[in-house]
Amino acid sequence: MKVITRFAPSPTGNLHIGSIRTALYSWLFARHYNGKFILRIEDTDLSRIDLMAVDSILNGLKWLGLNWDEKPFFQTKRLSRYKEVINLMLEKEDAYICVCSSEKLLEIKNKQIKLGYKPRYPGICRNLKIKKDKLNKNYVIRFKNPLFGQVIFQDQIRGEIIFQNTELDDFIIQRSNGMPTYNFCVVIDDADMKITHIIRGEDHINNTPRQINVFKSLGFKIPIYAHLSMIFDESKQKFSKRKHAVNILEYCQNGFLPEALLNYIVRLGWSHGNQEIFSKNEMIKLFNLKSINKSASIINTKKLLWINKYYINNLSLDTLTQLIYEYMTKQKINITNGPDLKSLIILFQGRHATLKDMMESFRYFYEESNFFNSNIEQKYNVIENCVTLEMFYEKINNLFDWEDKYISMIINDISKETSVQKKDINMLLRISITGSLYTPSISSIIYLIGKQKVLLRIRKAINYIKMHKA
Ligand code: GLU
């Protein structure tokens with residue numbers, strides 16, 4: 001049997017981490033067995049479709065490298081197929097036309113709630129054999145759900161799950177606007193696309209018995225199901241589309257590497273011993289449904305940062321240079337206006353968790369700004385030390401050999417001459433030249449920024465201090 005899985009998002013907004021995990025697990029399972037991974041956009045609920053969401057899903061999956069086989073399917077392109085099956089079901093009397101008005105349905109529902117029953121359609125039109133051609137009013141088409149018996153399936157994560165047919169009702173398979181519904185289309189597609197394993201969120205468990213009943217009525221082979229537990233956010237709230245939806249590409253914009261994100265997501269509910277770091281190939285090799293955890297997972301942003309940092313630190317110098325080059329260029333930072341990126345990566349080695357962090361700490365090598373401001377002035381009370389800046393300016397201006405070690409010697413000399421501690425001079429230079437409070441060796445930074453720019457920045461700081469001293 002060739003394994004075929006699918007990811008079937010409804011494009012009603014951006015995905016959240018849970019949906020991305022569903023895509024990843026389905027993809028890994030297919031790739032593990034050398035099978036196929038199908039992407040299907042479930043877009044039949046026209047009132048909720050967001051065209052931007054389709055783009056964000058396709059581009060997001062591409063960025064993550066979750067490649068799908070064949071073209072992406074769109075349910076709205078398969079409407080004639082659904083019509084064909086619905087007609088067949090009407091003919092076989094596995095489905096029927098229902099003309100109950102929405103007012104009447106509401107009245108029934110309210111009564112049921114009042115009496116403490118679960119609201120369900122009571123089957124008023126089930127045996128009326130209403131024919132379409134004689135109708136001049138709105139109608140829906142309902143599935144004739146079996147009245148008795150059970151639906152049993154072996155969930156690959158939670159074991160046996162049993163539903164009583166008496167708990168289910170005759171659900172709508174075609175709305176009054178002629179559009180087929182999710183619980184119906186999903187079955188036709190899963191059957192036509194020969195899906196063998198359905199991996200999806202546990203919020204779909206209640207849909208499964210309805211879908212299995214449709215599979216059975218059409219004589220289709222029932223796929224194997226695996227329902228994934230929820231993911232909670234850091235405040236232990238369930239993930240919701242409204243609160244947690246992300247355009248996957250935001251991770252790219254925020255400087256995460258796709259491999260790191262996948263590595264982080266795979267661990268939200270799946271494990272292989274205590275191992276934390278998995279290459280994509282390793283994930284494919286090791287992934288299985290048995291090691292998926294039944295309990296909920298919790299988002300851990302610190303861990304995501306830790307993993308991303310690990311991946312960044314383990315890239316070759318050339319690859320990281322290329323990535324940060326592309327990242328900074330996209331943010332319109334002019335790389336030609338400063339030192340070569342490789343020397344910065346070497347100098348800052350191991351400090352950054354994301355490409356964005358890296359860009360932010362490289363920015364002052366390429367861009368001018370007023371680095372010295374009143375925040376820094378108040379915090380560090382540096383005005384008294386202005387004289388050290390003056391001295392530094394003079395000595396740097398006269399420095400002939402522009403070398404890291406001579407810059408360092410100048411700082412030592414000033415400290416001796418003025419009895420200002422070296423660490424204070426370093427801090428004063430750091431904030432005057434970079435605006436940052438944390439940098440690697442300041443003499444190396446000064447060296448890489450270059451003499452002219454450093455002189456300019458020191459002059460600006462001195463002017464600022466003089467203006468505010470009075
Ligand atoms: N379209 C459904 C959703 O976005 C998923 C359907 C399924 O996986 O069966 O929640």
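Just so we're clear, the structure is a prediction, and the values are computed from it rather than from any experiment. Indexing begins at 1, ligand by ligand and atom by atom, following the structure's order.
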Colleague: With heavy-atom distances below 4.0 Å as the criterion, list the atoms of ligand 1 near Arg6.
Modeller: 7 (C), 8 (O), 9 (O)
Colleague: Taking the non-hydrogen atoms of Phe7, is any one of them nearer than 4.0 angstrom to ligand 1?
Modeller: no
Colleague: Answer yes or no for Gln211: is there a heavy-atom contact with ligand 1 below 4.0 Å?
Modeller: no
Colleague: Taking the inter-plane angle between the rings of Tyr364 and Phe348 on a 0 to 90° scale, is it parallel (under 30°), tilted (30 to 60°) or perpendicular (over 60°)?
Modeller: tilted
Colleague: If the condition is salt bridge (charged side-chain N to carboxylate O under 4.0 Å, His left out), which residues does Glu167 pass it with, not counting sequence neighbours?
Modeller: none
Colleague: Have a look at ligand 1 and work out which part of Ser10, if any, has a heavy atom under 4.0 Å from it: side chain, backbone, both or neither.
Modeller: both
Colleague: Under 3.5 Å between some N or O of ligand 1 and some N or O of Val186?
Modeller: no
Colleague: Which pairs with one or both residues in residues 313-325 pass salt bridge (Lys or Arg N to Asp or Glu O under 4.0 Å), sequence neighbours excluded?
Modeller: Asp318-Lys342
Colleague: Under 3.5 Å, is there a donor-acceptor pair linking the side chains of Ser26 and His197?
Modeller: no
Colleague: Please examine the side chains of Tyr225 and Ile212, heavy atoms only from C-beta on, and report whether any two atoms are closer than 4.5 Å.
Modeller: yes
Colleague: What atoms of ligand 1 come closer than 4.0 angstrom to any heavy atom of Glu42?
Modeller: 1 (N), 2 (C), 5 (C), 6 (C)
Colleague: Any chance the side chains of Thr319 and Ser316 put a donor and an acceptor closer than 3.5 Å?
Modeller: yes
Colleague: Any idea which atoms of ligand 1 are less than 4.0 Å away from a heavy-atom of Arg200?
Modeller: 7 (C), 8 (O), 9 (O)
